[in-house]
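Heads up, the thing below is written out as structure tokens.
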Amino acid sequence: MSTAVSEQVVSEQPGLTVKGIAFTPLPQPLFKQLPPIDEVMSLLVKTLGKQVNGLIEQTGIPADEFSRHFLCSTMIEMAFTTQSVKWPDIAEQLKAYGDHQPDTFVNAYECASWGYSLRHYLKEESLKEERFKQEKQSRYMIVSILDANVYNFDFWCYNDHWEHSGFGISTVILEITAPLTDELTIGSAVTHNSVAEFATVVRRTMMKKPGAVVALPFFPVNVQQMFEKLLRGQPQLPDLHAEHGHCFGSDPWLSLLTHGLSNKIEQPERFMACSVALNGYYAIADLMLTPDTVFIKNEEWQHG
Amino acid sequence: MVKQIQGVSEAPNQARMKQFTGTLTRRPFPNKPSIAEAQMLPLTSDSDFEVFTSFNSATCPVLLNVREHYQLLSDLVDEAQARWPDIFILIRLSMPGGMRIPAKLLADNVLLLEDISFEEQKLIDIAKALLVVEDRFSRVEIDNNDNSIHLRLYLGEKLSKEPADDALQPLIECLAQRGVAG
């Protein structure tokens, strides 16, 4: 009987585990004097490539075990929109740091891009499984999130939507430990009050995830108050807006990283990483931090 | 890496690829009023203006706004989803939107991304059917686009029932009705 109970408990845990999170804060402004955009991007590529390799090394996972690596962003687009830089060139530079570096760039879903990328990865894996009768899914995938004010636009430093921004590079290594069922909640608001709608989706999702602590995006105090009221006392990690500003898609990962660095994880802990975009797209991932999860917070990036 | 078994006949491949290249030659929805809701990045500091004016301007005309662009893509996706239920669709689409992307473009067999080349190569051997939509419709003067659109459709043998040249026809027709000439 006790075995049956313990199996039941295990099966209730999400099949998604965070193997490592790394974050490098980027200063604002990035430079005293803005270099040409291709130089800026090359410098950021270098930092990203090294961060990814440092994190992989500490997790001890062989570099050829990674199935996919997506690079996501909310606010790096102008350089691509104006065709001042091109993704294949950036991907080629990243490849110098290994084949496990990002090969696809997704920013259409803004702060929720990491979740839509993860959904795509899972879909791709299920297609492989279905078509090739593959015995098992690839276990590891990586998402990196890069948000840097590469043109030093004022709008991205501060605006009425989320007040102060924070910039940085996140890398998250995820392991699929069991076939996923409802670990990932991806959607888009249908109302214009998207943050409130998102909060109600978070609350509804939490009802099905006993013991999960929610890691929310960082917002100014008025939005935090709304979250508190709509989440009705559900456990959540502290909002770090005052310390970091709104760090776009990196927020929930920075939240988990901060938790992991300030608390010893002695047994697996369940969280829900949540992001919402200005246009209402949202991503919620039900996942575990374990005593083996690697947490790296690098010093703030300094050019040169 | 998990090994893949290659050569499954249902998988589309390069040889069964159909393609189309067209150009947007007029406004796509000429008889419909269009809300002037395009949002440019607000510019405030001297540096903002300096950077912004350093971007090149496209020489081709701007014939649609973001809402019309999304509508055109959504119509195209609709057509493809109805015709090939197992299809996977890659669309080159990037921030900034300035408005919410329509629900049909957010479906789980559609991926919106900055550059489709890597993903396309990965999916050719996996998806039963794959449609790639790569447009360079100019929405603002600084995007350096040329109003072109490229479609590539990959169908597995089982899905290639139509005569070879006809598979893309419904999509080409959908585009033609919206001002795209081949």
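The chains referred to below are lettered A, B, ... by the order of the sequence lines, with proteins before strands, and numbering in each begins at 1.
No side-chain donor-acceptor contact under 3.5 Å links A:Gln83 and B:Asn56. Between the side chains of A:Thr81 and B:Asp143, not a single donor N or O lies within less than 3.5 Å of an accepting N or O.
Looking at A:Ala277, neither its backbone nor its side chain comes within 4.5 Å of chain B, counting heavy atoms on both sides. In this structure, chain A has no heavy atom under 4.5 Å from any part of B:Ile91. Proximity to chain A is limited to the side chain of B:Arg136, based on heavy atoms less than 4.5 angstrom apart. No part of A:Tyr140 comes within reach of chain B, as not one of its non-hydrogen atoms sits under 4.5 angstrom from that chain.
Among the candidates A:Met75, A:Lys86, A:Glu77, the residue making the largest number of heavy-atom pairs closer than 4.5 Å to chain B is A:Glu77. Your options are B:Ile116, B:Asn145, B:Ile101, and the one with the most heavy-atom pairs under 4.5 Å with chain A is B:Ile101. Put simply, of A:Pro62, A:Ser194, A:Ser73, A:Ala189, the one with the most heavy-atom pairs under 4.5 Å next to chain B is A:Ala189. Interface remark: of the candidates B:Asn144, B:Asp48, B:Leu113, B:Asp48 forms the most heavy-atom pairs closer than 4.5 Å to chain A.
No side-chain heavy atom of A:Tyr109 sits under 4.5 Å from any side-chain heavy atom of B:Leu93. A:Val106 has its side chain out of reach of B:Glu114: every pair of non-hydrogen atoms, C-beta onward, lies at least 4.5 Å apart. Using a 4.5 Å heavy-atom threshold, the side chains of A:Leu127 and B:Lys128 count as separate. Residues B:Asn109 and A:Lys123 meet the side-chain proximity criterion, which asks for heavy atoms closer than 4.5 Å. Between B:Asp115 and A:Pro88 the shortest side-chain heavy-atom distance falls below 4.5 Å. The shortest side-chain heavy-atom distance between A:Phe153 and B:Leu41 falls under the 4.5 Å cut-off. When side chains are defined from C-beta on, A:Tyr281 counts as touching B:Leu106, because their heavy atoms get closer than 4.5 Å. For the pair A:Arg68/B:Glu119, a side-chain contact is recorded, criterion being any heavy-atom separation below 4.5 Å from C-beta on.
A distance of 11.5 Å separates CD of A:Glu130 from CD1 of B:Ile126, quoted to the nearest 0.5 Å. To the nearest 0.5 Å, atoms OG (A:Ser113) and CG (B:Leu112) are separated by 9.0 Å.
For CD of B:Gln177, the number of neighbouring non-hydrogen atoms (other residues, nucleotides, ligands) closer than 6.0 Å is greater than 12. Heavy-atom contacts from other residues, nucleotides or ligands closer than 6.0 Å to CD of B:Glu141 number 12 or fewer. Within a 6.0 Å radius of CG in A:Asp182, other residues, nucleotides and ligands contribute more than 12 heavy atoms.
For the pair A:His192 and B:Arg100, the tightest heavy-atom approach, listed with the atom from each and the gap, is CA-NH2, 4.3 Å. For the residue pair B:Val110 and A:Arg119, the shortest heavy atom distance occurs at O-NH2, 4.0 Å.
Listed for the B:Asp108 side chain is no donor-acceptor partner under 3.5 Å among the backbone atoms of A:His120. Without hydrogens or angle criteria, A:Asp154 side chain to B:Thr44 main chain gives no donor-acceptor distance under 3.5 Å.
For B:Phe55 and A:Tyr151, the gap between ring centers is short of 6.0 Å.
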